[in-house]
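Worksheet: the structure to be examined is printed underneath.
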Number of protein chains: 2
Amino acid sequence: MALEHALLVALREQPASGLELAQRFGRSIGFFWSATHQQIYRVLGRMETDGWVRVETVAQQGRPDKKVYDVTELGGTALADWLAEPSADTPLRSDLAVKLRGASFGDREAVLDVVRARVVDHHTRLGHYRQLMKRDYPAPHSLAGLELDQYLVLRGGILMEETWIAWLTEYLEAHS
Amino acid sequence: MALEHALLVALREQPASGLELAQRFGRSIGFFWSATHQQIYRVLGRMETDGWVRVETVAQQGRPDKKVYDVTELGGTALADWLAEPSADTPLRSDLAVKLRGASFGDREAVLDVVRARVVDHHTRLGHYRQLMKRDYPAPHSLAGLELDQYLVLRGGILMEETWIAWLTEYLEAHS
DNA sequence: CTCACGTTTGCAACTCGTTGCATAGGTGGT
DNA sequence: ACCACCTATGCAACGAGTTGCAAACGTGAG
C-alpha cells in the first residue's frame with residue numbers, strides 16, 4: 001500500500017536509519033500512520049532492491065553501526081507520482097464505535113467504563129499535541145512550504161482528537 | 001481483529017445472510033467498519049465451527065437459497081466479554097495525511113486537486129448521513145437503548161465527516 | 001572475565017484484508 | 001435453446017501488518 005511512500009516522505013525530510021524512522025513514526029508522522037520497526041526494515045529492504053533508496057553504513061561510537069537510508073532520484077519520482085494520484089478514503093475501522101453500537105448486548109456500565117478510559121487517552125494525546133504545537137509552531141501565520149505542511153498535519157491531529165472527545169462525551173452524557 | 005464482534009453485533013440486531021451483512025456494512029455499521037463479502041463468508045464459517053452462530057438455510061422464490069445466521073448463547077457471551085474489554089485506540093492510517101505532509105516533494109497543485117476531490121467526497125457522505133439522520137431519528141431526545149446507541153454512532157460519523165471537511169478546508173485556505 | 005543490559009538489524013510464522021476468479025441457481029430476452 | 005444478467009456462496013493467492021524471537025555489537029557492573 002503506502003508505507004513505502006510514508007517512508008519516502010520521512011526520508012526526504014531527513015535521511016535516517018530503520019530504528020530512527022520507527023521512533024519518528026511514534027511521533028510526528030505517526031499521528032496518521034504507524035509502523036513497527038520490523039515492518040520498516042522489510043519495506044526498506046524492498047525499496048533498496050527497487051532502487052528507491054540508497055544506503056550508507058555509518059559507524060557510531062559506543063553503539064553498533066547503523067544503516068542510514070536516503071532517497072534516490074528514482075525514489076523521488078515514485079513519490080512525486082504517488083502524491084498526484086487520487087486517494088480513496090479509508091473507512092475509519094474503530095472497534096470502539098462497534099462497542100458503542102453493541103452496548104445493549106452486554107454490560108452497559110462496563111462499556112461506559114471503556115469509553116471513559118478512552119476519553120482519558122484522547123485528552124492525554126491532545127495535551128501532547130498542543131504542547132508540540134506551542135513548542136514548534138508558535139507563529140503559524142509566518143510558515144510556508146514544508147513547515148507549513150507539517151504544522152497543518154499536526155493541526156489535523158488536534159482537530160481529530162477534539163472530535164473524539166466531543167463525541168464520546170456526548171455519548172456519556174446521553175447515557176447518564 | 002474484531003470483525004467477528006462486529007458481525008455479532010449486526011446479527012444480534014437482526015439475523016441475516018452473508019450477503020445481507022455485506023450490504024448492511026456498506027451502510028449503518030460501515031461508518032466505522034467495512035468488510036467485503038468474501039471476508040464475511042470466511043469469518044462466518046469460522047464462527048460457525050466455533051459455535052458462535054447457528055445457520056439455517058432459507059429457500060427464496062426466484063432466487064438461490066440463502067444461509068441465514070443467528071447468534072448462539074455462546075456467541076452472546078463472547079460478545080458480552082469483548083464489549084467489556086478495554087479497547088486500544090487505533091492510529092488513523094490516512095494516506096491523505098501523508099500526502100499533505102509530503103506535498104513539498106511533488107507537484108503541490110496536483111496535491112491540492114487530490115484534496116479538493118476528497119472534500120467533495122466527504123461532503124457527499126455527510127449529506128447522506130444527514131439524510132439518514134432526518135429520516136430515522138427525527139426526535140433524538142426520545143430514544144433509548146439500542147436505538148439511542150445507533151443514533152449516537154451515526155452522530156459520530158457526522159462529527160467525523162465535518163471534522164475532515166473543516167481540516168481539509170483549512171489546508172486549502174492556507175495554501176491559497 | 002563474565003553477565004546483564006541497551007541498540008540495531010533482522011528472520012519466521014501468523015493473522016487479517018484484498019483481489020480475482022469460480023460455481024450454482026434463477027430470470028428474462030431473442 | 002441460448003445468452004446475458006442478477007443473487008448467493010465460496011476458493012486461492014497475494015500483500016500488509018503483528019508478534020515473538022534471535023544475532024551482533026557495545027557499555028558498564030561485579
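Lettering follows sequence order; numbering is per chain, from 1.
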Determine: side-chain N/O of B:R42 to OP1/OP2 of C:dT18, distance under 4.0 Å, yes or no. no
Hey, can you tell me if B:H5 and B:W82 have their rings parallel, tilted or perpendicular (30° and 60° cut-offs)? parallel
A:R93 NZ/CZ over B:W33 ring centroid, <6.0 Å and within 45° of normal: yes
Nucleotide nearest A:Q39 (side chain, heavy atoms from C-beta), chosen from D:dT9, D:dG17, D:dT19: D:dG17
Could you tell me how far apart B:L44 (CG) and C:dG17 (P) are, to the nearest whole angstrom? 14 Å
Between P of D:dT9 and CD of B:E48, the distance in whole Å: 12 Å
Check the orientation of B:H37 and B:Y41. Use parallel for under 30°, tilted for 30 to 60°, and perpendicular for over 60°. perpendicular
Taking the side chain of B:R93 as its heavy atoms from C-beta onward, which of C:dT19, D:dT18, D:dC21 lies nearest to it? D:dT18
Nearest whole angstrom, please: distance from the C1' of D:dT19 to the OH of A:Y41. 16 Å
Does a nitrogen or oxygen in the side chain of A:K67 sit under 4.0 Å from OP1 or OP2 of C:dG10? yes
Any salt bridge (Lys or Arg N to Asp or Glu O under 4.0 Å) involving residues 130-143 of chain B? Give me the pairs, sequence neighbours left out, ordered by first then second residue. B:R130-B:E162
On DNA chain D, check which nucleotide each of A:D65 and A:Q38 is closest to and give me the residue with the more 5' one. A:Q38
A:E4 CD - D:dG15 P separation (whole Å): 11 Å
Assess the residue pair B:Y129 and B:M160 against the criterion (side-chain contact (heavy atoms from CB on, under 4.5 Å)); give the C-alpha distance rounded to whole Å, side-chain angles, the decisive distance to 0.1 Å, and a yes or no. CA-CA 11 Å; B:Y129 288 177; B:M160 289 296 169; over 6 Å; no
Starting from C1' on C:dG10, measure out to NE2 on A:H37 and report it in whole angstrom. 9 Å
Taking five pairs at each end, how big is the angle between the two axes of the helix from C:dC1-D:dG30 to C:dT30-D:dA1, to 10°? 10°
Give me the ring orientation class for A:H175 and A:Y171: parallel if the planes are under 30° apart, tilted from 30 to 60°, perpendicular past 60°. tilted
B:E56 CD to D:dT9 C1': how many Å, rounded? 17 Å
With the side chain counted from C-beta on, respond yes when B:V119 and B:L172 share a heavy-atom pair under 4.5 Å apart, and no when they do not. yes
Compare every heavy atom of A:D89 with every heavy atom of B:H122, then report the nearest pair and how far apart it is. CE1-OD2, 4.1 Å
So if I take residues 9-24 of chain B and measure heavy-atom distances to DNA chain D, which residues fall below 4.0 Å? B:S17, B:G18, B:L19
